[in-house]
Number of protein chains: 2
Amino acid sequence: MKRATRTVTIRDVARRSGVSVTTVSRVLNNRLDVAEETTKKVQAVVHDLGYGSSLAARGLRSRRTNVIGLIIPEVASHYCQEILRGVNRTIALLDKNLIIYTSGVLQRENIALHERSSVGLLNGGIADGVIVVTPTATQFATDAPLVIIDPNNDNPSYPAIIATNREGALSAVDYLISLGHRRIAHISGRRELISSVQRLQGYREALEAAGIPVDEELIEIGDFSTATAIPCVRNLLALTDRPTAIFASNDMTAIAVYEVAAEMGLRIPQDLSVVGFDNLRESAFLFPPLTTVDQSVEKMGAMAMEILVKLVKGEPLTPEADDAPYLVKVPTQLVVRGSCAPVSPRSPTRTHNADSAVSR
Amino acid sequence: MKRATRTVTIRDVARRSGVSVTTVSRVLNNRLDVAEETTKKVQAVVHDLGYGSSLAARGLRSRRTNVIGLIIPEVASHYCQEILRGVNRTIALLDKNLIIYTSGVLQRENIALHERSSVGLLNGGIADGVIVVTPTATQFATDAPLVIIDPNNDNPSYPAIIATNREGALSAVDYLISLGHRRIAHISGRRELISSVQRLQGYREALEAAGIPVDEELIEIGDFSTATAIPCVRNLLALTDRPTAIFASNDMTAIAVYEVAAEMGLRIPQDLSVVGFDNLRESAFLFPPLTTVDQSVEKMGAMAMEILVKLVKGEPLTPEADDAPYLVKVPTQLVVRGSCAPVSPRSPTRTHNADSAVSR
DNA sequence: CTGTTAGCGCCTTCAG
DNA sequence: CTGAAGGCGCTAACAG
């Protein structure tokens, strides 16, 4: 087999500089105990040969690669994009670290896949630590630092970041109620995610606090994706006593509401009010602009990164340096834009659109 | 199991199964020359211990990790998202491959950073091959398979994928001309990218073919990002003889046109026509929906992946198995939506509409 | 079929 | 200040 790996190794550098591999290694790692002249010489050769140290070898030998991993459920989602922005922003400020993102293919076995990814990166010694976004698994076979964004249980085993989902939902539904809505529907997110559960809870509480009985018919189970939400919206809007407002568990779900409303000839916000959750960049450009609960996803990504870096450095997260589960709560805030209106004076169901009802 | 000791290695598995490390390795790699009973036993222990092989070690020893790398300029851009979609889709069909994305922080030194990333992954022995998207560098210090999406020179040193940019631009500008526009501006993309140059070229050719002199004042240099394009649009719309149409080099640039138009109180398409390039998913949801040139970015991602996999397997790209530069051209197509209108009658420019025969 | 012997490229003792 | 060993976890040769 031909010597395909023509890659230049540390040995080549050593030979060319007339020093030992050890010395080269020292130079590369900015050790101070090297003669300046030697350092210069080696650096020149390194540059000359275009040498780059092998991540694999480095990760194998020493547990410090300056690489951190990010495991996300779906690279191409807007939510993950926001996180990427935050993570990138933070990593740019830190020392010249490299970053690796991985993504599994979502097949309902992403439990296994996520874990594999994580293990592949960590046990693989490639990354110094990992951020896992909306994990399905609760335990990971690793000792390396791990930070979770949007965990799937109340008491995550790892440091985690989560928004004040209940409060956010409360403010969203309160707002709708203040506009006179009483038939308010909700499309929930992935059930295994605590964020999803908390939003549903906030929805219920807001209704109850206003003395509006919760109608289970008005609650649909989604999974935070537009595709899944579409039939949910259809169900909702096909009800005889149609809701006048929908509180979507996230912005992607709200988009489904927009789409179905358009296909049914319903105008937003005149015929139907919509509130989302997340405040993705895109939501402001929808037509009409989406009223939504901001949870600064980007900031969550940035915070996760900051925490992880501390963890990697071995710095304590809290002054007390205890090992108690560390949970960061990110505040939420309602952003009012154009997708909500006061409930129309007349009954919302078929005023002039006397077509045949959608049967189901 | 809080106290998860050091990571479990192949040796632990070997010890626990009462076989040698080699045998375990063989089982892990699905070698056929292992007794079924041994295989079962080892697999049980592997599962039991939650063992996962170290990517670093594997990559170091054997040049086959089943991981491919993807180097993109900006993870959070819509363009890259489309590519991610394509890459993900393809990789899902292939054998259980894992995939790693990396991203540098763009600092105008991303030439260096891109190259570093690439080298880090390849020289690092982590990936079997790499896809580089819109590279700034032309040469990479690696022997591992490399595929480029949207190269930066006419004759890339590696297999590359590129859209028929000139033809696409031609069709876009022809379309605007057919609507009666004569003051057609262009905001170009990153100059070092050939796609950008070709679009500009198509713009010029279309104008010339229609007998419209090219006004250099109507050409602004952007970099494919919305932020950079904003001042360009402002310049354009501040001209005394304002353009009636803008051909943006990509959809992100077109969004800048939307934004500035809104801030100036100009209506699209009544006061200003806009054509983009890319056909990102989001473009259909703009208001009004963007007329743009489709270059199926997602497909480009998928194709790059397919080519790379062949390369990794050592299969020839062409039947002749020659090593000539391999360049795949992806067709483009104009997608007409709502962002263009016939030039308004009170247009200050020549009203020679009658003979605006498009000669092509 | 299985175990032994070598390293992959690098970093970390420990001696000079 | 520098170099010579040894080994990280794993796989690819060869033996048995």
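Owing to the predicted nature of the structure, the values given are computational and were not obtained by experimental measurement. Here is the naming used below: chain letters follow the sequence lines, and residue numbers restart at 1 for every chain.
In this structure, A:Y51 atom OH and C:dC11 atom C1' are separated by 11 Å, rounded to whole Å. As a whole-Å value, the separation of A:L60 CG from D:dT11 C1' is 12 Å. Rounded to whole Å, the distance from CG on B:N29 to C1' on D:dC10 is 9 Å. If you measure from atom CG of A:L55 to atom C1' of D:dG9, you get 15 Å, rounded to the nearest angstrom. For the pair A:R11 CZ and D:dA4 C1', the computed distance is 13 Å after rounding to whole Å. In this structure, B:I126 places its CD1 atom 13 Å from P of C:dG9, rounding to the nearest Å. Nucleotide C:dT2 holds its C1' atom 14 Å from the CD1 atom of B:I10, rounded to whole Å. Remark: P of C:dC14 and CG of A:D33 are 15 Å apart, rounded to the nearest angstrom.
Distances shown here put every side-chain N or O of B:R31 at or beyond 4.0 Å from the OP1 or OP2 atom of D:dT11. Taking side-chain N and O atoms only, A:S20 has no distance below 4.0 Å to OP1 or OP2 of D:dT2. An OP1 or OP2 oxygen of C:dG9 is reached within less than 4.0 angstrom by no side-chain nitrogen or oxygen of A:S54. Side-chain nitrogen and oxygen atoms of B:T38 include none within less than 4.0 Å of the OP1 or OP2 phosphate oxygen of C:dC1. Under 4.0 angstrom from either OP1 or OP2 of C:dC10 there lies at least one side-chain N or O belonging to A:T9.
The base of D:dG7 sits within donor-acceptor range of the side chain of A:R61, with an N or O pair under 3.5 Å.
For D:dG6 and C:dT5, the P atoms lie 16 Å apart once the distance is rounded to whole Å.
A:D128 places a side-chain N or O within 3.5 Å of a backbone atom of A:T65 that can act as its donor or acceptor partner.
A:V328 pairs in a side chain to side chain contact (heavy atoms under 4.5 Å, CB included) with only one of the listed residues (A:V147, A:I149, A:I161), which is A:I161.
With respect to the salt-bridge test (charged N to carboxylate O, under 4.0 angstrom), the residues B:R85 and B:E82 qualify.
Using a 4.0 Å heavy-atom criterion, one finds that B:T22 contacts the bases of the nucleic acid, with or without backbone contacts as well.
DNA chain C is contacted by both B:A57 and B:E36; B:E36 maps to the nucleotide lying nearer its 5′ end (nearest heavy atom per residue). Remark on DNA chain C: of its neighbouring residues A:V21 and A:R26, the 5'-side contact belongs to A:V21, judged by nearest-heavy-atom nucleotide.
Considering CG of B:L70 and CG of B:L308, their distance stands at 9.5 Å, rounded to 0.5 Å.
Using a 3.5 Å distance cut-off with no hydrogens or angles, the side chains of B:T134 and B:D150 do not pair a donor with an acceptor.
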